[in-house]
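Protein chains get the first letters and strands the later ones, always in sequence-line order, with residue 1 at the start of each.
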Protein chains: 2
Amino acid sequence: MGMPAGQRRMRADARRNYERLLAEAEIAFTEQGTEVSLEYVARRAGVAIGTLYGHFPTRQALLEALMRGRVETLGTRARELLHHPSPEEALYTWARAAVAHTSVYQGLATSLMSSFEAEDSALHAACQAVVSAGELLLTRAQQAGVIRADASAADLFTLISAIAWTSEQVPAEQAERLLSFALDGLRQTQATLPTSGFSRSPGRVIGPASDG
Amino acid sequence: MGMPAGQRRMRADARRNYERLLAEAEIAFTEQGTEVSLEYVARRAGVAIGTLYGHFPTRQALLEALMRGRVETLGTRARELLHHPSPEEALYTWARAAVAHTSVYQGLATSLMSSFEAEDSALHAACQAVVSAGELLLTRAQQAGVIRADASAADLFTLISAIAWTSEQVPAEQAERLLSFALDGLRQTQATLPTSGFSRSPGRVIGPASDG
DNA sequence: ACCTGAACACCGTTCAAGT
DNA sequence: ACCTGAACACCGTTCAAGT
């Protein structure tokens, strides 16, 4: 699979252990989610628990190594899609791919979202990379006038994460419906209905909300 | 606080322990989320761990007892809002309240969503109650023609849960932005833009997604 | 330079013994 | 009828000792 981030050379047995841990972690995380027992991972890889900690000092470090390839793929895909004739369809296609790649393990969406907020997290750079990739397509679609101008790259990331979380929890069709609705909400609107245009101004979420 | 679900009478000391457990659980869950140590809860309440298990055989049972009041409130609120002059605003107001009530503990949205899927869960009835409450306002708004007819009560519940999860993870303003976008996606649309009306038909989320 | 596994702290859950 | 807390199984994390 991959190589440790900065490292140049490793002893042969260390390299073997590293690869084996990554491969078995992929299986274990897929089976049981991001909270799977690290002892279980080490057991699967046939190494002592200390060896796992030697290579991956935190669970996040392990998750980061597992996600590296997927994050790169999303970046590449975004740059490819910049050449798609429809800016709108390009954005939507990429968003679907991003949801797919960030919901491969139960709990991944939550890990990513919290890493997005925490700058010191091992996964924070990965989140930033996804944000930047999405921003390319978002900006293009906004310049084409098909996506509302007040949506930010952070909004897009949050939306993708929320749908990824949803698709971890419910059947694929249900998550897909929500994604469709949400993407519709991103479209450039222009006078939808002849209803009283009451404004949904961002405000408190909680509240007594004067009734009628 | 509340009363045990079916039970009629309890010994005085048992009732005291029950109430104390519930009160301390509320604090502990608020502090540390739904995965807080149950031993911590028992310790706070000044009872042995076995006493906690005697009253609440599972973590979900405890969560269910904590949520009972909030779920009832949401039902009442929905019925009140049926008299609100604007069906759209009524729905949106209730949705915001629902998000607020289902994101009071870190991890609550995930518990609720998984209980929505699992019919044997202790929290499943609570989820159903929320779905039914939302359905009242959704149906009314659809009959008024302001909300798209293809949105279901399950869609609304999923949307609320997804935003509740989001607001557990990120600052309130960010979650509020996403909610606004999502609610816009629920509006009855009628020809938004003079763009080629490429159709986002529900399909796979993953996929090679033929590029351009 | 890397690996091992015992050690420590902590938790979920059950259940025999008490009152 | 209810409470207690020891017992068991399991896990996260560290680190002295090995090779």
Side-chain angles (χ1 to χ4, degrees), chain A residues 3-25 27-29 31-66 105-107 110-111 114 121-123, chain B residues 3-25 28-29 31-66 105-107 110-111 114 121-122:
Chain A
M3 278 221 304
Q7 216 113 348
R8 283 269 149 229
R9 302 176 160 288
M10 292 174 85
R11 230 165 58 180
D13 59 337
R15 147 133 273 150
R16 261 198 313 277
N17 284 339
Y18 179 89
E19 301 291 354
R20 188 81 197 283
L21 278 165
L22 221 44
E24 296 298 330
I27 296 172
F29 278 54
E31 269 181 11
Q32 305 189 32
T34 57
E35 296 307 312
V36 65
S37 155
L38 294 179
E39 263 180 0
Y40 176 69
V41 173
R43 214 152 47 222
R44 286 194 67 105
V47 301
I49 183 64
T51 303
L52 186 152
Y53 275 90
H55 286 290
F56 307 102
T58 65
R59 186 181 294 269
Q60 290 237 337
L62 183 48
L63 211 42
E64 192 277 331
L66 285 171
Y105 320 125
Q106 286 271 350
T110 300
S111 291
S114 76
S121 156
L123 270 165
Chain B
M3 277 224 304
Q7 214 114 349
R8 284 269 148 226
R9 302 178 159 284
M10 293 174 83
R11 227 165 62 180
D13 59 338
R15 147 134 275 150
R16 260 198 314 276
N17 284 338
Y18 179 90
E19 302 292 355
R20 186 83 195 281
L21 278 165
L22 221 45
E24 296 299 330
F29 278 55
E31 268 181 13
Q32 306 190 31
T34 59
E35 298 307 313
V36 65
S37 155
L38 295 179
E39 264 180 0
Y40 176 69
V41 173
R43 213 151 46 221
R44 286 194 67 104
V47 301
I49 184 64
T51 302
L52 186 153
Y53 276 90
H55 285 290
F56 306 102
T58 66
R59 186 181 293 270
Q60 290 237 337
L62 183 50
L63 212 41
E64 193 277 331
L66 284 172
Y105 319 125
Q106 286 273 347
T110 301
S111 290
S114 76
S121 157

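You'll find the side chain of B:Y105 reaches within 4.5 Å of the side chain of B:L66, heavy atoms only. By the 4.5 Å heavy-atom criterion applied to side chains, A:V41 and A:I27 are not counted as neighbours.
Atom-to-atom, CD1 of B:I49 to C1' of C:dC10 comes out at 12 Å; the value is rounded to the nearest Å. Rounding to whole angstrom units, CE of residue B:M10 and C1' of D:dC2 are separated by 9 Å. In this structure, the OH atom of B:Y53 is 18 Å from the C1' atom of D:dC2, given to the nearest Å. Straight-line distance from the CG atom of A:L52 to the P atom of C:dC3: 11 Å, rounded to whole Å. Across the protein-nucleic acid pair, A:L21 atom CG and C:dC3 atom P stand 9 Å apart, rounded to whole Å. Rounding to whole angstrom units, CZ of residue A:R15 and C1' of C:dA1 are separated by 15 Å.
The side chain of B:V47 lies closest to D:dT4, out of D:dC3, D:dT4, C:dG5.
Within a heavy-atom distance below 4.0 Å of DNA chain D, no residue of residues 36-45 of chain B is found. Within residues 55-63 of chain B, the residues approached by DNA chain C to less than 4.0 Å at the level of any non-hydrogen atom are B:R59, in residue-number order.
For B:A45 against B:L21, the heavy-atom pair with the smallest separation is CB-CD2, 3.7 Å.
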Any N/O pairs under 3.5 Å between the protein and nucleotides 17-19 of chain D? List them or say none.
none

**Request:** Could you provide the dot-bracket string of DNA chain D, using ( ) for intrastrand pairs, [ ] for crossing pairs and | for bases paired to another strand, with Watson-Crick or G-U pairs below 3.5 Å?
**Result:** ||.|||||...|||||.||
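Interatomic distance, CD of A:E64 versus OG of A:S111, reported as 12.5 Å (0.5 Å rounding). Going from atom CZ of A:R20 over to atom CG of A:N17 covers 9.0 Å, rounded to the nearest 0.5 Å.
Contacts of B:G50 with the nucleic acid, taken as non-hydrogen atoms under 4.0 Å apart, include base atoms.
Under the side chain to side chain donor-acceptor pair (under 3.5 Å) criterion, A:S121 pairs with A:Q60, A:S115, not counting sequence neighbours. When the side chain to side chain donor-acceptor pair (under 3.5 Å) test is applied to B:T110, the partners found at least two apart in sequence or on another chain are A:W165.
Sorted by first and then second residue, the pairs that involve residues 44-61 of chain A and meet salt bridge (charged side-chain N to carboxylate O under 4.0 Å, His left out), not counting sequence neighbours, are A:E24-A:R44, A:E31-A:R44.
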Give the table of side-chain donor-acceptor pairs shorter than 3.5 Å for residues 49-57 of chain A, with sequence neighbours excluded, one pair per line with atom names and distance.
none

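Taking 4.0 angstrom as the limit, B:N17 places none of its side-chain polar atoms (N or O) nearer than this to OP1 or OP2 of D:dC2.
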